[in-house]
There are 2 protein chains.
Amino acid sequence: MRKAQRDATRTQIVKAALSCIAERGYDAVTTRYIASVADVSQGLLTYHFKTKEILWRAAAEHLFEILDESLGLDILEFNAHDAKKQTVAERDEMQRDCIRRIVRFHAKHPELLRFMLQKGSDNDSRTEWLVDTHIKPSLKQFSTVMSHIPEKDLPHMLYALSGASGIIFSVPDECERATGMNPRLTSAIERHADYLAYLFIPERN
Amino acid sequence: MRKAQRDATRTQIVKAALSCIAERGYDAVTTRYIASVADVSQGLLTYHFKTKEILWRAAAEHLFEILDESLGLDILEFNAHDAKKQTVAERDEMQRDCIRRIVRFHAKHPELLRFMLQKGSDNDSRTEWLVDTHIKPSLKQFSTVMSHIPEKDLPHMLYALSGASGIIFSVPDECERATGMNPRLTSAIERHADYLAYLFIPERN
DNA sequence: CATTTTACTTGTCAAATGACAAGTAAAATG
DNA sequence: CATTTTACTTGTCATTTGACAAGTAAAATG
C-alpha cells in the first residue's frame, strides 16, 4: 500500500519532469516548476531524486521505456530476419510501416527529439550515458529493419528520418502559424507518416 | 570612428548571444555567460540592448540575415519562374542544388534549427514575431522553388526537409558516438547533402 | 497498542541571476 | 582647448535558484 503510493508519486514527478525538460530544456527548467506541474512540493523532488540530474536520468529512462514499447522494433526486427519468406513488396510495406510508427511516436511524444537536442553546461556526462545506454541499441535495431540500405548511407538515413519525422511536431504552433496546417490533428499526422513512408521507401515500378 | 567601434562591439555581442542561445536555450543561458564569450562586461549587454529579450531579437535578426544571404533563394526563385526555358532535368537539378544549399547551411549554422526549437516561459511573443517576420517569407520563397510539389504536401516536405537537413548537425557528438560518422567533416556534409537531394528529388528513369 | 519507519511539507541558505546606478576615460564638438 | 557626449566598467540589489535540515502525520511493524 505504501509502496504503490510511492511509485505512483515518483511516476507523477518523472512524467512532469520529462515534459518540462523537453519543453524548456534541462538548465532552463526549475525544480519548483516541475514540482508545481507534478502538483507536489519542491522538497519532494529532492527527497525522491536527491539531485536535478538524477531526476533528469529518471526522465530519460522513462522516455526510452515508452519508445521501446511503442515502436516494437524488436518485432519488426524479427520479421526482417524472416526475409526469405517475404516478397520484396512485403518487405517494402513492412519498412513503410516502421516509418509510420516512428512518425506517430514523434507526434505523440515530441519530447524525444527535444530531449536529444538538449545541451547543458555539463552536457558530456549525460549525453554519453544517453547514447550508450539507449540510442545505440535503438539504432542497431532500426538498421536491422532497414536491411537494404547501403551501410554508408545508414547514418544519413537514420538522422534524416529522425529529423523529418520529429521536427514538425516539435514546433506545432509555428507550423500552424506559418503554413496553416495543424500538425496535432490525426489527419495531419497520418499524412506526414504516409508522406515519409513513401519518401524513404518509394513505390517500385 | 566611434560609430564603427560601437557597431563592431554590438556585432561581437550579437554573435556570441546567437551561439550561446542556440546552444543552451534562451532561459538557460545567462547574460554573464554571453558577455564572457563576447569578451565584454555584463553591464555592456544591458547598455547596448537594455534587456535580454531585446538581445535575443537582435540575435534572431542576425541569424536570418545570414540565412537569406547564404541560401540565395531569391536567385533560385527567379530561375524557377523561368521554368519555360528549362528542361525537366534542369529543373530537377536546380531543386537538388537548392536542397544541397540548405544542408550546407544547416551544417555551417546548426543554430538555425536549435533557434526554431526554442521555447521559453514567455514563448508566444517571440515566436509570433519570428514566424511572421522571417519564417513565412522564407517558406514562401522555398515553395516557389519547389513548384512541382502538390500544395497539400508542401508543409510536410518543408518540415521534413528542415529536420532531415538539420538534426544531424545539431547533435554531432551524439551522432559520432552512436554511428562512428563525424558530421562535421566536409565529406559527411556533402554526402548528407547528396543523400537528401536525391531523396527528395529522385532520379527519373 | 506502542514504536518505528517513511512519504511528504515547510522553512531556510548560499549562490547565481537580470537589471541598473554611478563612475571613468577617451573621443567628438564647437 | 574647454565642454559635452558616449562607449564601457564596476558594484550593488531584489529575486530566484538547487539543496537540505527539521518537522509531521500516517502507515507499517512486532
Side-chain angles (χ1 to χ4, degrees), chain A residues 1-60 62 118-126, chain B residues 1-60 62 118-126:
Chain A
M1 199 66 208
R2 208 84 160 289
K3 177 78 158 36
Q5 181 54 38
R6 176 191 172 89
D7 284 353
T9 306
R10 286 178 65 106
T11 303
Q12 200 175 343
I13 294 172
V14 166
K15 282 186 177 172
L18 177 57
S19 114
C20 294
I21 292 175
E23 195 171 326
R24 301 225 197 289
Y26 177 80
D27 286 323
V29 86
T30 68
T31 54
R32 274 160 235 269
Y33 182 69
I34 296 175
S36 82
V37 170
D39 206 36
V40 296
S41 67
Q42 188 256 349
L44 191 59
L45 302 207
T46 306
Y47 171 69
H48 277 299
F49 299 97
K50 203 68 186 168
T51 71
K52 196 183 178 186
E53 171 145 356
I54 292 174
L55 177 56
W56 175 89
R57 202 165 287 220
H62 180 67
Q118 306 267 334
K119 287 209 177 177
S121 28
D122 57 344
N123 177 46
D124 284 359
S125 64
R126 295 205 303 277
Chain B
M1 198 67 208
R2 206 85 163 288
K3 177 79 157 38
Q5 181 54 37
R6 177 193 171 87
D7 285 352
T9 306
R10 286 178 66 106
T11 304
Q12 201 175 343
I13 294 173
V14 166
K15 282 185 177 172
L18 177 57
S19 114
C20 294
I21 292 175
E23 195 171 325
R24 302 224 198 291
Y26 177 81
D27 285 324
V29 88
T30 67
T31 54
R32 274 161 234 269
Y33 182 69
I34 296 174
S36 82
V37 170
D39 206 37
V40 296
S41 69
Q42 187 255 349
L44 190 59
L45 301 208
T46 307
Y47 172 69
H48 277 298
F49 299 98
K50 203 69 186 165
T51 71
K52 196 182 177 185
E53 170 145 355
I54 292 174
L55 177 55
W56 175 88
R57 201 165 288 219
H62 179 66
Q118 307 266 336
K119 287 211 179 175
S121 28
D122 57 344
N123 178 44
D124 284 358
S125 64
R126 295 203 306 276

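The sequence lines fix the lettering, A, B, ..., with proteins before strands; numbering per chain opens at 1. Note that this is a predicted model, so its numbers are computed, not measured.
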Exercise for the section: Taking only the side-chain nitrogens and oxygens of Thr9(A), find out if one of them lies under 4.0 Å from OP1 or OP2 of dC8(C). Expected result: yes

Problem - Interatomic distance, Leu44(A) CG vs dT9(C) P [rounded to whole Å] - result: 5 Å

Practice task
Using Watson-Crick or G-U wobble geometry with both distances below 3.5 Å, tell me the partner of dA2(D), or none.
Solution key: dT29(C)

Exercise for the section: With the side chain counted from C-beta on, respond yes when Phe49(A) and Arg57(A) share a heavy-atom pair under 4.5 Å apart, and no when they do not. Expected result: no

Exercise for the section: Please determine if a side-chain N or O atom of Gln5(B) lies less than 4.0 Å away from the OP1 or OP2 oxygen of dC8(D). Expected result: yes

Problem - Pairing partner of dT17(C) (Watson-Crick or G-U wobble, both distances under 3.5 Å) - result: dA14(D)

Practice task
Using a cut-off of strictly less than 4.0 Å, decide whether Thr46(B) has a side-chain nitrogen or oxygen near OP1 or OP2 of dG18(C).
Solution key: no

Practice task
Examine dC8(D): is either OP1 or OP2 under 4.0 Å from a nitrogen or oxygen in the side chain of Tyr47(B)? Give yes or no.
Solution key: no

Problem - Gap between atom CD of Gln42(B) and atom OG1 of Thr30(B) - 0.5 Å precision - result: 8.5 Å

Problem - CG on Leu18(A) to OG1 on Thr11(A), rounded to 0.5 Å - result: 12.0 Å

Exercise for the section: For dT10(D), take OP1 and OP2 only and decide whether either is under 4.0 Å from a side-chain N or O of Ser41(B). Expected result: no

Practice task
Would you kindly compare Arg32(B) and Arg10(B) by the position of their nearest DNA chain D nucleotide and give the one closer to the 5′ end?
Solution key: Arg10(B)

Exercise for the section: Measure the distance from NZ on Lys50(A) to P on dC8(C) and round it to the nearest whole Å. Expected result: 16 Å

Handout entry: Length of the CD1-C1' vector between Ile13(B) and dT9(D), whole Å
Key = 13 Å

Completion exercise
Taken to the nearest whole Å, CZ/Arg6(B) to P/dC8(D) is 8 Å

Problem - Sub-4.5 Å side-chain heavy-atom contact between Thr9(A) and Ile13(A) - result: yes

Exercise for the section: Using atom CG of Asp27(A) as one end and atom C1' of dA16(C) as the other, report the distance to the nearest whole Å. Expected result: 13 Å

Problem - Toward the 5' end of DNA chain C, by each residue's nearest nucleotide, Thr30(B) or Gln42(A) - result: Gln42(A)

Exercise for the section: Check the distance between dG18(D)'s P and Trp56(A)'s CH2 and give it to me in whole angstrom. Expected result: 17 Å

Problem - DNA chain C: 5'-proximal contact among Lys3(B) and Thr51(B) (nearest heavy atom) - result: Thr51(B)

Fill in the blank from the handout: Ile54(B) CD1 to dG18(C) C1', in whole Å, measures 13 Å

Handout entry: Whole-Å gap separating C1' (dT10(C)) and CG (Leu45(A))
Key = 14 Å

Fill in the blank from the handout: Re dA7(D): Watson-Crick or G-U wobble partner, both distances kept under 3.5 Å, found to be dT24(C)

Problem - side-chain N/O His48(B) vs dC8(D) OP1/OP2, d < 4.0 Å - result: yes

Practice task
Decide yes or no for Leu55(A) and His48(A): does some side-chain heavy atom of the first lie under 4.5 Å from some side-chain heavy atom of the second?
Solution key: no

